[in-house]
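By convention in this document, chain letters (A, B, ...) are assigned in the order of the sequence lines, proteins followed by strands, and residues within each chain are numbered from 1. Just so you know, these numbers use all the heavy atoms, side chains as well, and skip hydrogens, waters and symmetry mates.
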Amino acid sequence: MTVRSIKELIESWPAERIIEAFDAVTEERVLVAIGNEQRDVYDLVALLSPKAWPHLERIAMRSQAGTRRYFGRTIGQYAPIYLSNLCAADCIYCGFAAQSGNTERRKTLSMDELEVECKALTSQGLQSLLIVTGEAPKKVDVHRIAEAVRVARRHFPSVSVEIYALDDAGYEVLVEAGVEGVTLYMETYHRPTYQQVHLLGEKTVYDYRLDALTRAGRAGVRRLNLGALLGLYDWRAEVVWAALHAKALQKTCWQSAVSLSFPRLRHTPERFEIPSPVDDRSFVQLMLALRLFLPEVGFNLSTREPPALRDRLIPLGITMMSAGSSTRPGGYASTGEETLQQFALEDTRSPAEVAQAVRRAGYEPVWKDFDEAFHSS
Amino acid sequence: MTEAKPDALVIAGRTFRSRLMVGTGKFPSSQALMETLTACDAEIVTVALRRVDLSKPTTDSIMRAIDRERHLLLPNTSGARNADEAVRLARMARAAGLEPWVKLEITPEPRYLIPDPIETLRATERLVAEGFIVLPYMQADPLLAKRLEEAGAATVMPLGAPIGSNRGIKTREMILIIIEQSNIPVVIDAGLGAPSHVAEAMEMGADAVLMNTALADARDHRGMGEAVALAIRAGRLAYLSGLGPVRELAAASSPLTGFLS
């Protein structure tokens, strides 16, 4: 395939074409997809189809073997720190939304407060950090985030961010500050749905967000983590688009490691009902199908999911898990302030308890997977 | 007992009984790694500097599996994207008290982890000048092997297939040329997924092999460790004993040149 923009690539697979491809899947085609050494989009579609249900166990075995061969029997451990819950966007599914009725309990951590939060996490053994903010580019600008990254690097060998989309110069500032990875979810790749659920701020610009990870990779970010917020639109189509996005990033940003997350809407603000809920069976199926399609892509699993499900997903293809997370600023060493949280967590176990579950599943928890020596400054 | 006996491996003047190097990154536990190391009898054990905490050798799960009396701890620069990063990692390891040996890995592309020939050569030159004993991971490129040898590398470590692929020696033709031309030990690194691949490497005349995935992913770590040790011994003995030639063509029943006699 020649180089195409991600926009062109996504647009070459409109929802109608994906539906057509799903309608054409036979059980025979599923078996071909399982057996193939190299898999294309039609193989992915077959593996995602209801026709694959009778073969889920075989797909799971492939997924497990492939993941172990490439990543080993290890699971990376990380946790987020919410630097700020200020938000100028209005994403109708999110607890941080400007119009969610929560004007109180907004906070941005001072650098001193950030240090306290960092220490609270490192004292539990964590060495990989994800700094998270809301969508408030004016009040929490990129220089503030870069400063937070520098502070956090005193405590963590690896610091990544999950923040609003930046321009090229913005990502360069973060790389200079020593960011290893950028997580940015498209939320939904379906343009009409995107416009319906994102009502305010820069985030309303679909194309700017779609190209954000390409800009991050171009600026030298080593890890690019993407995903669709499952539940906003038909999950099978979202998975196809996210997979295309991942493939395109692997080609364009060939020096960056691409990984995927599977954020699934479970608890939403009262005003919002989940349009296309994803049940556990579908959740597992999409993860397995993606593993067969993208054998060298890391899979992250957050504490949005409950412990029982998380533990069972460890041997199926997961490579990174967050642990002991809080989704509110100051959540680890709180002074008692009940700041607004982004979403409710299902897995409230400590990092030590999650690590124990990882070991019980026959995997080694990996705390450190990056080093200060990789930074030139 | 046969006449030929497995002989020792010498790298940079240091003698090793075992011709197996073990990578440590993919094991399910410290215990599994220890069992493997005991069973396969490896002496050279490589660890990714990005993974280990050199300041905490007793609590780090990889470090505590390695017996520094029995094993040479060979730090590697896995994750480095260029010569600068690799050199910084190597210096850091030496500063932390490790011996000045380094397995040089520079893989700017994180998916297939193909080694960068240009940066690898640059880093080798710099690290050799700083007194390191350098074992570079490289593409199976005979010319690059000579260039690295001239730059002062202690071994060359060409890949058999992409890391973690378990596909065996897919670069066979190039590796045969490297072995034929090399004045330093040739270690086949990456892609070896079974004891038979290891035996093949040794039969080809490789001086040593490096293995990780196949050992780490075994159901029985002791069993696989022992199997690999036996494969090395078998392959080396076969090489030393002289393998019979492989017939290129079946002998024709009516020889094409029969009219000459």
Please determine, among B:Ser78, B:Gly164, B:Gly25, B:Pro108, the option with the most heavy-atom pairs under 4.5 Å with chain A. B:Pro108
Does a sphere of radius 6.0 Å around CZ in B:Arg70 hold more than 12 heavy atoms from other residues, nucleotides or ligands, not counting ones at 6.0 Å or beyond? yes
Between atom CG of B:Asp60 and atom CG of B:Leu54, what is the distance when rounded to the nearest 0.5 Å? 8.0 Å
B:Ala216, part contacting chain A, at a heavy-atom distance under 4.5 Å: backbone
Can you tell me which of B:Glu109, B:Met92, B:Arg81 forms the most heavy-atom pairs within a distance under 4.5 Å of chain A? B:Arg81
Applying a strict 4.5 Å limit to non-hydrogen atoms, the region of B:Ser29 in contact with chain A is both
Do A:Arg218 and A:Tyr171 meet the cation-pi criteria used here (NZ or CZ under 6.0 Å from the six-membered ring centre, within 45° of the axis)? no
With a 4.5 Å cut-off on heavy-atom pairs, point out which of A:Gln250, A:Arg68, A:Arg359 contacts chain B the most. A:Gln250
Measuring heavy-atom distances to chain B, does A:Ser158 have an atom under 4.5 Å in its side chain, in its backbone, in both, or in neither? neither
Donor + acceptor pair across side chains of A:Ser261, A:Asn225 (<3.5 Å): yes
Would you find a donor on one side and an acceptor on the other, under 3.5 Å apart, between the side chain of B:His71 and the backbone of B:Asp67? yes
Engaged part of A:Tyr70 at the chain B interface, taking heavy atoms whose separation is under 4.5 Å: both
With a 4.5 angstrom heavy-atom cut-off, is it the side chain or the backbone of B:Leu49 that approaches chain A, or both, or neither? backbone
Measure A:Arg223 against the heavy atoms of chain B and call it side chain, backbone, both or neither at under 4.5 Å. neither
Could you measure the distance from the OG1 atom of B:Thr46 to the NZ atom of B:Lys103? Nearest 0.5 Å is fine. 5.5 Å
Against chain B, label A:Phe374 side chain, backbone, both or neither, depending on which of its atoms sit under 4.5 Å from a heavy atom there. both
Interface moiety of B:Asp217 toward chain A, non-hydrogen atoms closer than 4.5 Å: both
To the nearest 0.5 Å, how far apart are OG1 in B:Thr36 and CZ in B:Phe27? 4.0 Å
Picking from B:Asp53, B:Val45, B:Leu73, B:Thr24, what satisfies side-chain contact (heavy atoms from CB on, under 4.5 Å) with B:Ile62? B:Thr24
Per-residue contact mode, B:Val52 against chain A (heavy atom under 4.5 angstrom): backbone
